[in-house]
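Step one of this worksheet: look at the structure below.
Letters A, B, ... mirror the listed sequences (proteins, then strands); counts begin at 1.
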Amino acid sequence: MQAKAPRGTFDVMPGEIFKWHHIEKTIKETAEIFGYSEIRTPIFEHTELFERGVGDTTDIVSKEMYTFKDRSNRSLTLRPENTASCVRAFIEHSVAGGILPAKWYYLGPMFRYDRPQAGRYRQFHQFGVEAFGSNNPQLDAEIISLLLQILTKLGLQDYELHLNSVGCPQCREVYRKQLVGYIGPFKDQLCADCLARYEKNPLRVLDCKVPSCQEAIAGFPYIYDYLCADCLEHYSKLRNTLDDNQIDYVHDNQLVRGLDYYTNTAFEVHIPQIGAQSAIGGGGRYNGLVKACGGPNIPGIGFAMGLERLLLALESLDDQQYKDHKLDVFLAVMDGKYEAQSVKILTQLRQAGIKADKDYNGRSGKAQMKYADKLGARGVILLGEDEMRRNIYTLRNMDSKEQIEVPADHLIDAIKKFLI
RNA sequence: GUGGGUGUAGCUCAGUUGGCUAGAGCACCAGAUUGUGGCUCUGGGGGCCGUGGGUUCGAGUCCCAUCAUCCACCCCA
């Protein structure tokens, strides 16, 4: 039995949790300003949901899922992402029969069996949004804008937005056939990975980083050159909307997302400083997904954002601004015979909503002062022989060192006036 | 799944060509005259030297394996 969290997982200890609270709060507030409501789906789902919803040729499904059998021999899988679950919930609860678009957000842990490295964990956390029931490119722009606004609110400036369109099944099929024809003669120049991509998902050969592959495919057309009239219009409307709203982006012909269900808009936001895993968020349109999962023919769009990566990017920022005094007052008991009395006072303070604590380890008076200081107390209440006899308390302000005596009956008011 | 780096106290690290009871700083605890914090000084607790083998009179130091961790590939958040 070793005390060690499993590989690729980690604890967020109490001293660090304020960072998480801060980004979670910012994220939720922003999503709600944009009109998105939280949805919580199960941490595990039927394995089949991910196989169909994510695509069984993807790396995620083919080699990264935590899949297990339950006691009734059902095959279940810890969610590797949350879009498939949202689609399932959308269908299961017949949301399409209500007001559309349905605008949802989620926040929670995801699981992928990957080799850990900077910004990549086996249990990691994503924030994401999904909007079902509109194909309006303004909605694509809204989603991108939401993602960027969160980054801005958190104080992150140095991000890059990459944008592309992967077309619809019709124009992509035309392009795919052309591309296969182009690549065919150069097959022997491709790396082993690209040879596999050539068979399964030839578009992905385009963003291979192996130099020999890049040489082999140099000059080949991109999907952009094959977009049909509708897809091209969708893409230019999106770009116009972004331009109108001063959102900078880079058109990236090589941005081809790994998940099978994407149509039209694809985007990624990178923060290069955080390492090789620099994609802090990414997403796109998935107009065929709801139908593919057995629902009505309803379009959708969404993105996901990695919270650990967000934290990495935020690490350079000043921590202090998020920290607060942990305690309003510390109750220092200078004489052991008043221990019982101190517990009663503590109870009153806490009932009055004052953040208060005391020593439980028999510290001396001096040590209690040190302890109060380390706990970040604004003030200390001194309780000893003198105070008990005169029915008062001594109140010390830890910042100003000022000390006053207050009648026992007025303790709560005095604390609020003197310290808070 | 592949490659490289690293594993010594809670944390950051020293530890000379293998050789006495394994060290420092920070952190923690206790003192520095009687009921008072941050600075300073003094003292103290705490180490299967990642784990398991091997070489040797002798291994923290060398060799092998294994695990973990970090970084990169891959993929992605």
_What's the gap between B:C49 and B:U61 when it is taken at their C1' atoms, as a whole Å value?_
10 Å

*May I ask you to check whether over 12 heavy atoms, not counting those of A:Tyr338, lie within 6.0 Å of atom OH?*
yes

*Do A:Thr30 and A:Gln149 have side-chain atoms, one donor and one acceptor, less than 3.5 Å apart?*
no

_Need one value for A:Tyr121: base, sugar-phosphate or nothing, where a base atom within 4.0 Å counts as base even if backbone is also close, heavy atoms only._
base

*Where the side chain of A:Arg309 is defined as all heavy atoms beyond and including C-beta, which of B:C73, B:A77, B:U36 is the nearest nucleotide?*
B:A77

*For A:Ile274 and B:C71, give me the distance from atom CD1 to atom C1', rounded to whole Å.*
14 Å

_Base-pairing mate for B:A24 - Watson-Crick or G-U, with both contacts under 3.5 Å_ = B:U12

*Take atom CG of A:Asn361 and atom C1' of B:C29, then tell me their distance rounded to the nearest Å.*
11 Å

*If you pin A:Asp386 and A:Lys401 to their nearest nucleotides in RNA chain B, which one's is more 5'?*
A:Asp386

*asked:* What's the gap between B:C64 and B:U69 when it is taken at their P atoms, as a whole Å value?
replied: 23 Å

*Counting side-chain heavy atoms from C-beta on, which of B:A77, B:U36, B:G38 comes nearest to A:Thr394?*
B:U36

*Gap in Å between the two C1' atoms, one belonging to B:G47 and one to B:A22, rounded*: 8 Å

_Under a plain distance cut-off of 3.5 Å, with no hydrogens placed, do A:Thr83 and A:Glu130 share a side-chain donor-acceptor pair?_
yes

_Separation of B:C70 C1' from A:Asp114 CG (nearest whole Å)_ = 16 Å

*In terms of side-chain heavy atoms of A:Gln126, which of B:A77, B:G37, B:G35 is nearest?*
B:A77

_Does A:Ala372 reach a base, just sugar-phosphate, or nothing at all? Heavy atoms under 4.0 Å._
nothing

*Choose from B:A77, B:G38, B:G35 the nucleotide whose nearest atom is closest to any side-chain atom of A:Met334.*
B:G35

*Think A:Arg7 has a side-chain N or O under 4.0 angstrom from the OP1 or OP2 of B:U69?*
yes

*asked:* Using atom P in both nucleotides, what's the gap between B:G7 and B:C13 to the nearest angstrom?
replied: 10 Å

_Sugar-phosphate only, base, or nothing, as touched by A:Gly128 at under 4.0 Å among non-hydrogen atoms_ = nothing

_Contact under 4.0 Å: A:Lys374 side-chain N or O vs B:C29 OP1/OP2_ = yes

*Once you round it to whole Å, what is the distance between P of B:G37 and CZ of A:Phe330?*
14 Å

_Distance check needed: B:G37 P versus A:Asp373 CG, whole Å only._
10 Å

_Distance, C1' atom - from B:G37 to B:A32, rounded to whole angstrom_ = 16 Å

_Base of B:C70, side chain of A:Arg115 - is there a donor-acceptor contact under 3.5 Å?_
no

*Would you mind telling me which of B:A77, B:G35, B:C70 lies closest to the side-chain atoms of A:Leu382?*
B:G35

*asked:* Need one value for A:Gly8: base, sugar-phosphate or nothing, where a base atom within 4.0 Å counts as base even if backbone is also close, heavy atoms only.
replied: sugar-phosphate

*Checking only heavy atoms, does the side chain of A:Gln403 share a donor-acceptor pair with the base of B:U36 at less than 3.5 Å?*
yes

_d(NZ, A:Lys63; P, B:U2) in whole Å_ = 12 Å

*asked:* Tell me if the side-chain of A:Gln368 makes a donor-acceptor pair with the base of B:G35, cut-off 3.5 Å, by modelled atom types.
replied: no

*Considering heavy-atom distances to RNA chain B, does A:Leu383 or A:Met305 have its closest nucleotide positioned more toward the 5' end?*
A:Leu383

*Quick one: is A:Arg363 getting a side-chain N or O under 4.0 Å of the B:C29 phosphate, OP1 or OP2?*
yes

*Within less than 4.0 Å of OP1 or OP2 of B:G37, is there a side-chain N or O belonging to A:Lys366?*
yes

*Among B:G38, B:A68, B:A30, which nucleotide sits nearest the side chain of A:Lys4?*
B:A68

*Taking CG from A:Leu147 and C1' from B:A77, how many angstroms apart are they, rounded to a whole number?*
11 Å

*asked:* Can you measure A:Gln117 atom CD to B:G4 atom C1' for me and round it to whole angstrom units?
replied: 13 Å

*Pick base, sugar-phosphate or nothing for A:Glu387, based on heavy-atom distances below 4.0 Å to the nucleic acid.*
base

